[in-house]
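Chain naming here is simple, since letters A, B, ... match the order of the sequence lines and numbering starts at 1 in each. What you are looking at is a predicted structure, and each value in this text was computed from that prediction instead of being measured.
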Amino acid sequence: MAKFQAPKGVSEYFPDRSLYFEYVRNTLIDSARTSGYKLIELPVFEDTELFTRGVGESTDVVSKEMYTFEDRGGRSITLRPEGTAGVMRSVIEHNLDRGQLPVKVWYSGAFFRAERPQAGRYRQFYQVGIEAIGLNDPEIDVEVIAIAERAFKTLGLKNYQLEITSLGDVDTRQRYSKDLRAFISTLDLDEATVARAELNPLRLFDDKREEIKSAMASAPILLDYLSPESAAHFERVQNGLRALNIDFIVNNRMVRGLDYYTETAFEFSHRDLGAQSGIGGGGRYDGLMEQLGGQSLSGIGFGIGVDRTVLACEAEGVALPNSYFLDLFIVPLSPEAKASALALAEQLRGEGLSVDIAYGDRSLKGGMKAADKSGARFSVVLGDDELASSNLTLKDMRTGEGEAVTIASLGAHLRSAR
RNA sequence: GUGGGCGUAGCUCAGCUGGUAGAGCACUCGGUUGUGGUCCGAGAUGUCGCGGGUUCGAGCCCCGUCGCUCACCCCA
């Protein structure tokens, strides 16, 4: 009988690494929740056309990385490759944009792209994202960036960098794109590169070959084409970031992979990761809602890669907080004691403490070993003496020291040590 | 999609010019009749990724395939 394996290129999190994943994801979510964003829980599959129209047919994500299939009713369905299009669809469908603006939502879940797997790149990957929809207010841009920044800081990350730019409005982009294409046509390029430039001329700014880099050094720069309104918007965003002491650099050659971005665009990258160093990114999108059949409102959001943020935390040696470990591990010495241990554990669990027990009628030594492995802060042995007297020895697993406590005061002791 | 490296015990890996499998760690028990992490002893564990070929004989050679991994590309 052949053993089953996970499909190619998916990321899985199981103990104990899953605790780490959970911590990172929760920290990202908390940053959004504390800023007034509310959960939006959406399907992982959507009408294929939502993505071809929303993300853009010319993007690699849509043209060659989507998991698309026909459902039983003959509809073309696609596993979501990103989060923004689905959020916009739901906002439009349920008229969330008819109330007070901006609509502020966060989401967390799995996304799918049929790429060749690599360090930090998976076919099923996890993102936490937020969207603030309905107002073109530069201070919202600042808030969105600050939420990502604060999450990374809370995790304790240091070796990352924020880059920002402005892509201008739709007209500006078209004017610029024309000039950039004209410039590129003067270069002597191979066929594949010309084809890439035709899809999106900005891509050439990302090329890793030295000869292309130097050739592009004299290319026209988008920031020089900005309208007075766009320039003023971008200026306010930068001032806002400075006011919050958020470090950033303006990267006037930044390339974003999705077609819908306009005005402010940003990216967080981490130094200790491999080729896939982007841990999060996002930007403003002016035309997206209208493109998807809604009213013409602007929005801004980001997607943070949970998998890559986990890798970044591991690279920097970020430690799990105490609350992710057990408060107490009970080692019962007999079947009778085990029944009492379970009753005690359930009582403490009901008080919000995390407690586990040595099952399986193990020896004292085996039970203590299990207590050690569990990572619990304290352990306690439950035998005939303890049950008779109600007096316990609460052992601090870090120092090895024991303290005499009564069963009644056990909960209070554990809480005070948190 | 293109290219490089690699698949041997739960994990990390060794295995000479082909002779039929090993170490460390981890695990279980014991040394210590009621206290883990150190030390000592004992024990359990493999269709050597899968399929085919060459050979008297394949973990080792050849072909295919699946997977992992890194890079290109792309992006979270």
Side-chain angles (χ1 to χ4, degrees), chain A residues 1-11 14 24-25 28 55 58-65 80-84 108-129 148 192-193 195-196 199-200 202-204 206-209 254-258 267-270 273-282 301-312 329-334 337 358 360 362-376 378-386 392-402:
Chain A
M1 183 55 142
K3 274 211 250 178
F4 286 111
Q5 285 183 303
K8 184 185 177 80
V10 301
S11 63
F14 40 85
V24 169
R25 186 184 55 191
L28 296 172
V55 178
S58 71
T59 62
D60 277 32
V61 168
V62 168
S63 63
K64 46 192 210 198
E65 296 171 2
R80 60 183 183 186
E82 59 94 55
T84 305
S108 168
F111 296 85
F112 308 85
R113 290 183 201 172
E115 301 182 273
R116 190 78 173 265
Q118 198 185 328
R121 187 168 79 182
Y122 310 103
R123 291 186 169 184
Q124 173 170 334
F125 59 98
Y126 296 86
Q127 277 191 0
V128 169
T193 309
R196 276 209 296 145
L199 271 175
N200 181 356
L202 286 163
R203 290 270 173 80
L204 294 204
D206 248 2
D207 205 299
K208 288 173 183 165
R209 290 168 296 184
M254 188 193 296
V255 183
R256 297 256 67 211
L258 311 179
E267 249 171 38
F268 287 87
S269 59
H270 193 97
L273 264 34
Q276 310 301 323
S277 60
I279 54 177
F302 66 59
I304 292 178
V306 183
D307 312 87
R308 289 184 187 175
T309 305
V310 167
L311 292 172
F329 195 93
I330 305 176
V331 179
L333 294 181
S334 66
R362 291 152 67 98
S363 65
L364 175 62
K365 180 171 181 155
M368 285 309 295
K369 238 175 163 174
D372 188 37
K373 295 280 154 50
S374 77
F378 293 96
S379 70
V380 78
V381 172
L382 209 57
D384 296 341
D385 297 350
E386 286 81 4
L392 305 172
T393 303
L394 185 62
K395 182 167 185 173
D396 186 323
M397 294 301 280
R398 290 180 201 167
T399 64
E401 317 248 308

Kindly list each side-chain donor-acceptor pair under 3.5 angstrom involving residues 363-374 of chain A, sequence neighbours excluded, with atom names and distances?
unit_1	atom_1	unit_2	atom_2	d
A:Ser363	OG	A:Gly366	N	3.0
A:Ser374	OG	A:Ala371	O	2.7
A:Ser374	OG	A:Ala376	N	3.1

Exercise. In whole angstrom, give me the gap between the P atoms of B:rA14 and B:rG49.
Key: 14 Å
Quiz item: Got a sec, which residues hit salt bridge (Lys or Arg N to Asp or Glu O under 4.0 Å) with A:Arg209, two or more places apart in sequence or on another chain?
Solution: A:Asp190, A:Asp207
Quiz item: Given atom CD of A:Glu401 and atom C1' of B:rG37, what is their separation to the nearest angstrom?
Solution: 15 Å
Self-check item: Spacing of the C1' atoms in B:rU20 and B:rG31 (rounded, Å)
Solution: 38 Å
Practice problem: Considering only atom C1', compute the distance from B:rG52 to B:rC66 and round it to an integer number of Å. | Solution: 14 Å
Exercise. Using the closest heavy atom to pick a nucleotide of RNA chain B for each, name whichever of A:Pro7 or A:Leu364 lands nearer the 5' end.
Key: A:Leu364
Self-check item: Check: B:rG37 base within 3.5 Å donor-acceptor of A:Asp372 side chain
Solution: no
Practice problem: Indicate for each nucleotide in nucleotides 69-76 of chain B, in 5' to 3' sequence, whether protein heavy atoms under 4.0 Å reach the base (B), only the sugar-phosphate (S), or nothing (-). | Solution: -SBBBBBB
Self-check item: Separation of the P atoms in B:rU38 and B:rC27, to the nearest angstrom
Solution: 9 Å
Quiz prompt | P atoms of B:rC25 and B:rC73, separation to the nearest Å | solution = 44 Å
Quiz item: Excluding sequence neighbours, so at least two apart, what forms side-chain hydrogen bond (donor to acceptor under 3.5 Å, both in side chains) with A:Thr393?
Solution: none
Exercise. Could you list the residues that satisfy salt bridge (Lys or Arg N to Asp or Glu O under 4.0 Å) with A:Glu267, not counting sequence neighbours?
Key: A:Arg256
Self-check item: Side-chain heavy-atom pair A:Glu82, A:Val55 within 4.5 angstrom cut-off
Solution: yes
Quiz item: In dot-bracket, 5' to 3', how would RNA chain B read with Watson-Crick or G-U wobble pairs under 3.5 Å, [ ] for crossing ones and | for pairs to another strand?
Solution: (((((((..((((.....[..)))).(((((.......))))).....(((((..]....))))))))))))....
Quiz item: Expressed in angstrom and rounded to an integer, what is the separation of A:Lys373 atom NZ from B:rC27 atom C1'?
Solution: 8 Å
Quiz item: Given the C1' atoms of B:rC29 and B:rG15, what is the spacing between them in whole Å?
Solution: 31 Å
Quiz item: What pairs with A:Arg123 under salt bridge (Lys or Arg N to Asp or Glu O under 4.0 Å), at least two apart in sequence or on another chain?
Solution: none
Practice problem: With side-chain contact (heavy atoms from CB on, under 4.5 Å) as the test, would you mind laying out the steps for A:Gln127 and A:Val306 before giving the verdict? | Solution: CA-CA 5 Å; A:Gln127 277 191 0; A:Val306 183; 5.5 Å; no
Practice problem: Just call it for A:Glu386: base, sugar-phosphate, or nothing, with non-hydrogen atoms closer than 4.0 Å on any strand. | Solution: base
Quiz item: What distance, rounded to whole Å, do you find between the two P atoms, one in B:rC63 and one in B:rG3?
Solution: 16 Å
Quiz item: A:Met368 has an atom CE; how far is it from atom P of B:rU38, in whole Å?
Solution: 14 Å
Self-check item: Phosphate contact (B:rG30 OP1 or OP2) by A:Ser363 side-chain N/O below 4.0 Å
Solution: yes
Self-check item: Results of side-chain hydrogen bond (donor to acceptor under 3.5 Å, both in side chains) for A:Tyr122 - residues two or more places apart only
Solution: none
Quiz item: Once each nucleotide of nucleotides 40-45 of chain B is scored for protein heavy atoms under 4.0 Å, what B/S/- sequence comes out, 5' to 3'?
Solution: ------
Quiz prompt | By side-chain hydrogen bond (donor to acceptor under 3.5 Å, both in side chains) - contacts of A:Thr84 (at least two apart) | solution = A:Glu131, A:Tyr260
Self-check item: Whole-Å P distance, B:rU55 and B:rA9
Solution: 30 Å
Practice problem: State which residues pass salt bridge (Lys or Arg N to Asp or Glu O under 4.0 Å) with A:Glu115; sequence neighbours excluded, sorted by chain then number. | Solution: A:Arg121
Quiz item: So, does A:Arg113 use its side chain to make a donor-acceptor pair with the main chain of A:Pro81 at under 3.5 Å?
Solution: yes
Exercise. Apply side chain to side chain contact (heavy atoms under 4.5 Å, CB included) to A:Ala195 and list each qualifying residue two or more places apart in sequence or on a separate chain.
Key: none
